[in-house]
Amino acid sequence: MDLTLVGMVDNTELRHALVEGNHLIGRADDAALKLVQPSVSRRHAEIIVNGTVATVQDLGSHNGTMLNGAKVADPLPIRAGDVIEVANITFRVEGPDGPGTGAAAGMSMFNESVTMIPSHELSWDEVRKDRKDKRDLQSLLFRVLAEAGDLLTIPRDPGEMYEPILDLVETALLNPERIFILLLEEEQEEPVTKASRVQGNHPVGSLALSRTMMKQVLEEKKSFLTSDPLNDPGFGGMMSMVSQGIRSAIAVPLFDNAEVIGLLYADDSRAGKRFSKDQLAAFTLLANVIAVAITHARYHVLEQEKQLQDAQLRTASEILDNILPADLPPCEGYDLFARIIPCFSVGGDLYDAKMMEDGRYAFLIGDVVGKGLGAALLVSHILSWTRFMVDEEWEPQPLITKLNRQIFDCTDTVRFTTFFLGYLEPATGKVTYVNAGHNPPFVVRADGTVETLGPTGMPVGIIAESPYKTGEVTLEPGDLITLYSDGIPETQREDDEEYGEDSFEKLLVAERGNDLAEMFDKLQVELKDFRGDTPIGDDVTLLALRRNPA
């Protein structure tokens, strides 16, 4: 038996001789006919040649195997002229003299309804002209497919590709009346028209696609051709086309070798205008090239957007690094420490401290809801407003009240900030504070007892007018006050258990008299050991202030 499988794979003709033995088809490394397309299973199908008999069988593939349009369930004999479909890749079986006269010889590999004229009814001149016309058409279609390759080599936005695509389709189908490019979009039930070209009196918005046709193209990944919508035996009459006066229609899936992203559609209502099988085959290959090009263009746009976003985040990170103090200003008689470990390149935590003109020491911590550029912008605003008001010696309660109004006026309803502001009198250790919904700071006394400074009002920016109260606490010699963000107690491990405030409190008590930077280093080690391989989920921020022992 001298048979050969012939097909187009990635716009390249593939020929595989069916010699005696077993021929595995699929993505597996040991496949005799290896196809790397995602739609093909690892062990998709097998052709067995035994003497003068050749059979094809499906091996339980995901997308199935077809023989002459029928699904292969059990082993079926094949011969020259048959058409085998492996997922979305089509092969014809050729004998030593060409396609042969098998069950599918002369048939299109696609569903269609075309009126054929027997060759014996044509004169020899008509036969020669018909053959020349076919050769000319095939030459034209080959040039169109070659030009389509340019879509893959020139990076551009998807929107810039639509006009060149319409030009190619118009050439391949010999100027049809209507051409539409339709793409699937998220949260859209129907494909969306991205571009069209319409001749004559047809309104652009009059497209009404057959549900039967769309199901075949989008769900079954099969091309569609009809030359008689009313009487097409394969589709039982498509009234949506009939009502529009369409005489011939063609549609093919935009398959990017991974998924169908839409479809190309064209139709014509003129008498005598019929799309051919060769045009359908070329149109299908053209659509594959176009789909890959559109997907590449989308990736190109996403990559450009990512590069821009990364540049913006780097700039924002540099700005925050310059805004947040690397070291807290000194306060005589006190040890001070502050540090932020951001979860991402730009976080939403903040801290600040300043020695005021009247001798008090202002210190604060905050946590903006959200991450990224929006949070970074709000952090910079908050620091600018608070620094101005601290310089003007606003007291904590009116300062927070004003800050709440400022944030409410410039943000949306979901953007708010937890905030703690304290004013320390160094000589007495008295701290006057406002806690606007922030994690209650720990006051660790020299003897190891612990107090917390709970909220005295809501987070800033939630409502326009929010009441705030002040609280007071006095730091005695050796006492430690620790302000922190929720990234510390809410550190999670793989089983979703949190590190918790109790564990944090125990560490603070144990380390209360040690160097504050070393205490933070031990905290980081403890958090890392707790979460294991689970990545950091939030910013980790700590501000510690300890009164020196007498």
Side-chain angles (χ1 to χ4, degrees), residues 1-26 30-35 37 40 43-59 61 63-112 114 116-122 124 127-128 130-139 141-142 145 222-223 225 276-285 288:
M1 176 171 288
D2 190 2
L3 297 177
T4 302
L5 278 184
V6 182
M8 294 292 291
V9 179
D10 293 335
N11 300 327
T12 302
E13 185 182 73
L14 180 66
R15 303 181 70 88
H16 178 76
L18 296 177
V19 298
E20 184 78 10
N22 294 16
H23 300 260
L24 175 64
I25 302 173
D30 61 341
L33 180 54
K34 185 174 180 179
L35 304 173
Q37 281 68 17
V40 178
R43 306 182 73 82
H44 195 107
E46 188 176 45
I47 295 178
I48 301 175
V49 179
N50 185 8
T52 60
V53 178
T55 59
V56 61
Q57 62 181 345
D58 186 83
L59 300 180
S61 65
N63 290 318
T65 304
M66 307 283 283
L67 175 63
N68 301 327
K71 188 172 183 179
V72 175
D74 301 315
L76 295 175
I78 59 173
R79 57 179 177 151
D82 287 343
V83 172
I84 300 173
E85 294 175 67
V86 178
N88 63 310
I89 303 175
T90 304
F91 296 91
R92 68 177 182 274
V93 182
E94 288 192 357
D97 300 320
T101 58
M107 282 180 56
S108 168
M109 62 188 72
F110 309 100
N111 291 324
E112 58 178 324
V114 180
M116 306 296 294
I117 302 176
S119 59
H120 65 268
E121 295 181 6
L122 302 176
W124 282 113
V127 170
R128 284 194 294 270
D130 181 62
R131 290 176 177 174
K132 180 180 182 303
D133 290 344
K134 287 184 177 180
R135 287 195 299 270
D136 291 343
L137 176 59
Q138 290 171 349
S139 176
L141 295 177
F142 180 81
L145 290 173
K222 291 184 178 180
S223 297
L225 171 65
S276 70
K277 301 175 184 179
D278 288 338
Q279 287 174 311
L280 180 63
F283 199 37
T284 302
L285 295 175
N288 179 234

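What you see is a predicted model; the values in this text were computed from it and never measured.
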Applying side chain to side chain contact (heavy atoms under 4.5 Å, CB included), run through Glu13 and Val6 and close with a yes or a no.
CA-CA 7 Å; Glu13 185 182 73; Val6 182; 3.8 Å; yes
Glu85/Lys222 under salt bridge (Lys or Arg N to Asp or Glu O under 4.0 Å): CA gap, chis, key distance, verdict
CA-CA 11 Å; Glu85 294 175 67; Lys222 291 184 178 180; 5.3 Å; no
Applying side chain to side chain contact (heavy atoms under 4.5 Å, CB included) to Leu35 and Val86, what does each step give before you reach the verdict?
CA-CA 9 Å; Leu35 304 173; Val86 178; 4.2 Å; yes
Audit row: Leu14, Leu33, side chain to side chain contact (heavy atoms under 4.5 Å, CB included) steps and yes/no
CA-CA 10 Å; Leu14 180 66; Leu33 180 54; 3.4 Å; yes
If you apply the rule side chain to side chain contact (heavy atoms under 4.5 Å, CB included), what do you find for Leu5 with Arg15, and how did you get there?
CA-CA 6 Å; Leu5 278 184; Arg15 303 181 70 88; over 6 Å; no
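Put simply, NE2 on His23 and NE2 on His16 are 5.0 Å apart, with the number rounded to the nearest 0.5 Å. In this structure, Glu46 CD and Thr65 OG1 are separated by 11.0 Å, a value rounded to the nearest 0.5 Å. Atoms CG and CG, from Asp74 and Asp58 in turn, are 10.5 Å apart once rounded to the nearest 0.5 Å. Note that CG of Leu67 is 5.0 Å distant from CG of Asp82, once rounded to the nearest 0.5 Å. For the atom pair Ile47 CD1 and Asn22 CG, the distance stands at 10.5 Å (nearest 0.5 Å). Annotation: the span from Arg92 atom CZ to Asn68 atom CG amounts to 14.0 Å, rounded to 0.5 Å.
Ser223 and Thr284 make their closest contact through OG-OG1, 2.7 Å (heavy atoms, listed as atom of the first residue, atom of the second, distance). Between Val72 and Met66, the shortest heavy-atom contact is CG2-C, 3.9 Å. Scanning both residues, Gly26 and Val40, for their nearest heavy atoms gives CA-CG1, 3.8 Å. Here the closest heavy-atom approach between residue Leu3 and residue Ala80 is recorded as CD2-N, 3.9 Å. Taking each heavy atom of Leu225 and Ser276 in turn, the nearest pair found is CD2-O, 4.0 Å.
Within the 4.5 Å cutoff, the side chain of Leu18 has no heavy atoms near those of the Thr4 side chain. When side chains are defined from C-beta on, Ile78 does not count as touching Leu76, because their heavy atoms never get closer than 4.5 Å.
At least one donor-acceptor pair under 3.5 Å links the side chain of Glu20 to the backbone N or O of Gly51. Without hydrogens or angle criteria, His44 side chain to Gly64 main chain gives a donor-acceptor distance under 3.5 Å.
Taking a cutoff of 4.0 Å between a charged side-chain nitrogen and a carboxylate oxygen, Arg43 and Asp30 qualify as a salt bridge.
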